[in-house]
**Q** 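Below you'll find the structure I mean.
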Number of protein chains: 2
Amino acid sequence: MGRQAQIGRAVILDTALKIADDHGLDAVTMHGVARSLEVTPMALYRHVASKAALLDGLVEVLLTEIPLPPRAQPWDEFLMALAAAIRATARRHPAAFPLLLFRPAVTPAATSVRDAVHQALRQAGVPEAQVARTERLLSTAVLGFAVSEATGRFSRHDQAAIDADFAELQRWLRQLLPPGSTNQTAGNTVGETS
Amino acid sequence: MGRQAQIGRAVILDTALKIADDHGLDAVTMHGVARSLEVTPMALYRHVASKAALLDGLVEVLLTEIPLPPRAQPWDEFLMALAAAIRATARRHPAAFPLLLFRPAVTPAATSVRDAVHQALRQAGVPEAQVARTERLLSTAVLGFAVSEATGRFSRHDQAAIDADFAELQRWLRQLLPPGSTNQTAGNTVGETS
DNA sequence: ACCTGAACACCGTTCAAGT
DNA sequence: ACCTGAACACCGTTCAAGT
């Protein structure tokens, strides 16, 4: 028994993301993805359980695509670089990115981003009892901005104005964290929370 | 010519919102709304141009449903009350509310909320050149939180934790605005921007 | 002016069948 | 184990027709 698999979960997700990039999220359909792969719609169901599962997979791909900045730098630079990386990913995949706001971040990819932020916040001197809450508010603000930009909520403003908005957001976020511990490097205690 | 209209735009939008509340946004379909109204799907097209237009109408209804707090109070209380009102609306309509992040706020309803915030920010002493930008970041943060809560992104936390998150968010926002002008009332110059 | 009826291309998913 | 084929209920929307 057995037969060479023609497609796999990874190719399906990549194809779906490409369709979203090129033609919008509404164009991501089981029939459409199958058509792109020159395969029957039903062939997909061997690799993804349902369309909802396919969208969950897209979220995973997006999270994995966010490049974690090097941790050997001051915590504030690390956090600002991460915010910029998240925004850049949103701009690369504006149609698919909003999905990130719609699913609780419980997958390994999501956890790893969150843990990195937790580390940086500890380095920043945020009291342990506040670390998780601060991460939630930080990520909500950055995601909110990235999604707003991606969906065109700011579209009546020019690029320069939106860039300045983001710079101001970054200033806000830095301002909200305890000052003065800027010289410490983030992430040199990786693993202590696992 | 002439015939008693059985349905109208308002009833269509109300019905669509009810369906979203009860069965989720995916259940909002032309066929489904028509079924609820005991009418043919095609009857809707006399009152809304397309499904996209129907969703735009839903955004309008949501914006109109946000009760603007009384303006005769200190600007910071006004802004915090407005944030709370936005969050409350999101909680009443969790399925439909995320639509607000997906359309530029150009309708009259959206403009009126934005103008009220602009007024309050001026009262707060925000320099004129910063008013629009500050409003964008403020509304992005509040919308981001409200949508995250509505979509269940925080669902692995209990209600008390999420309430505390929101309280912390409100503290952040207040902190970011110029201090010291708390005794002025907001909105007593309504109309000066129109 | 407002609604119905029939129709079309498309969608997500089931079930049975092929190799 | 992996894919195909036929099928079903449903969707958004067009077009022509009724009153």
Side-chain angles (χ1 to χ4, degrees), chain A residues 1-62 95-96 98-99 102-103 151-152, chain B residues 1-62 95-96 98-99 102-103 151-152:
Chain A
M1 55 184 155
R3 172 185 181 173
Q4 277 295 19
Q6 304 178 27
I7 57 177
R9 187 178 138 88
V11 220
I12 291 175
L13 296 180
D14 287 351
T15 304
L17 185 54
K18 177 126 186 45
I19 294 176
D21 291 343
D22 293 346
H23 302 103
L25 197 56
D26 287 347
V28 177
T29 66
M30 300 301 272
H31 284 250
V33 172
R35 207 178 304 131
S36 270
L37 291 168
E38 299 187 298
V39 115
T40 287
M42 283 318 300
L44 304 180
Y45 285 85
R46 192 73 30 187
H47 307 276
V48 295
S50 64
K51 180 168 183 198
L54 187 154
L55 295 179
D56 283 342
L58 239 36
V59 169
E60 218 183 305
V61 171
L62 288 172
L99 289 172
F102 290 78
R103 324 227 142 250
T151 60
Chain B
M1 53 180 159
R3 174 182 177 174
Q4 276 295 20
Q6 302 179 28
I7 57 176
R9 188 177 136 86
V11 219
I12 291 175
L13 295 180
D14 286 351
T15 305
L17 185 54
K18 178 125 186 44
I19 293 177
D21 291 344
D22 293 346
H23 302 103
L25 197 56
D26 288 347
V28 177
T29 66
M30 299 301 272
H31 285 252
V33 172
R35 207 177 305 133
S36 270
L37 292 167
E38 298 187 299
V39 116
T40 287
M42 283 318 300
L44 305 180
Y45 285 84
R46 192 77 25 193
H47 307 276
V48 295
S50 64
K51 180 166 182 198
L54 187 154
L55 295 180
D56 283 342
L58 240 36
V59 168
E60 219 183 304
V61 171
L62 288 172
L99 290 171
F102 288 79
R103 325 227 141 248
T151 60

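Computed from a prediction, not measured in an experiment: that's the story for all the values here.
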**Q** Not counting sequence neighbours, which residues clear side-chain hydrogen bond (donor to acceptor under 3.5 Å, both in side chains) with B:D22? List them please.
**A**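 Listed in chain order: B:K18.
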
**Q** Identify the two heavy atoms, one from A:G24 and one from A:A95, that lie closest to each other, and give their separation to 0.1 Å.
**A**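 Minimum heavy-atom contact is CA-CB, 4.0 Å.
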
**Q** If you look only at pairs with a residue in residues 50-60 of chain A, which of them pass as a salt bridge (Lys or Arg N to Asp or Glu O under 4.0 Å), with sequence neighbours excluded?
**A**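 Those involving residues 50-60 of chain A are A:R9-A:E60, A:D56-A:R103.
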
**Q** Cut-off 3.5 Å, no hydrogens considered: what does the side-chain donor-acceptor table look like for residues 26-47 of chain B, sequence neighbours left out?
**A**
unit_1	atom_1	unit_2	atom_2	d
B:T29	OG1	B:G32	N	2.8
B:H47	NE2	B:I7	O	3.4

**Q** Identify, with sequence neighbours excluded, every residue that meets side-chain hydrogen bond (donor to acceptor under 3.5 Å, both in side chains) alongside B:Q6.
**A**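 Here no residue qualifies.
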
**Q** Mind checking if B:A43 touches a base, just sugar-phosphate, or nothing, with heavy atoms under 4.0 Å?
**A**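 B:A43: base contact, heavy atoms under 4.0 Å.
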
**Q** Can you tell me how far the CG atom of B:L25 sits from the OG1 atom of B:T151, to the nearest 0.5 Å?
**A**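 One finds 12.0 Å between CG of B:L25 and OG1 of B:T151.
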
**Q** Taking CD from B:Q6 and C1' from C:dC2, how many angstroms apart are they, rounded to a whole number?
**A**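 Nearest whole value for this atom pair: 8 Å.
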
**Q** For the CG atom of A:L17 and the CG atom of A:D21, what is their distance to the nearest 0.5 Å?
**A**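 Answer rounded to 0.5 Å: 4.5 Å.
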
**Q** Could you work out, with side-chain contact (heavy atoms from CB on, under 4.5 Å) as the rule, every residue matching A:A49, not counting sequence neighbours?
**A**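 Expected list: A:A53.
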
**Q** Please report, rounded to the nearest Å, how far the C1' atom of D:dT19 is from the CZ atom of B:R46.
**A**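 Atom-to-atom, B:R46 to D:dT19, this comes out as 13 Å.
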
**Q** Tell me, for nucleotides 8-15 of chain C in 5' to 3' order, what letter each nucleotide earns: B for a base near a protein heavy atom under 4.0 Å, S for only sugar-phosphate near one, - for neither?
**A** ---SBBBB

**Q** Let's see if you get this right: which residues in residues 9-22 of chain A place a heavy atom under 4.0 Å from DNA chain D?
**A**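 Going residue by residue through residues 9-22 of chain A, none turns out to have a heavy atom under 4.0 Å of DNA chain D.
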
**Q** Looking at residues at least two apart in the chain, or sitting in another chain, which of them share a side-chain hydrogen bond (donor to acceptor under 3.5 Å, both in side chains) with A:D14?
**A**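 A:D14 satisfies side-chain hydrogen bond (donor to acceptor under 3.5 Å, both in side chains) with no other residue.
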
**Q** Let's test your reading of the pairing rules: Watson-Crick or G-U wobble, both distances under 3.5 Å, then write DNA chain C as a dot-bracket string with ( ), [ ], | and dots.
**A** ||.|||||...|||||.||

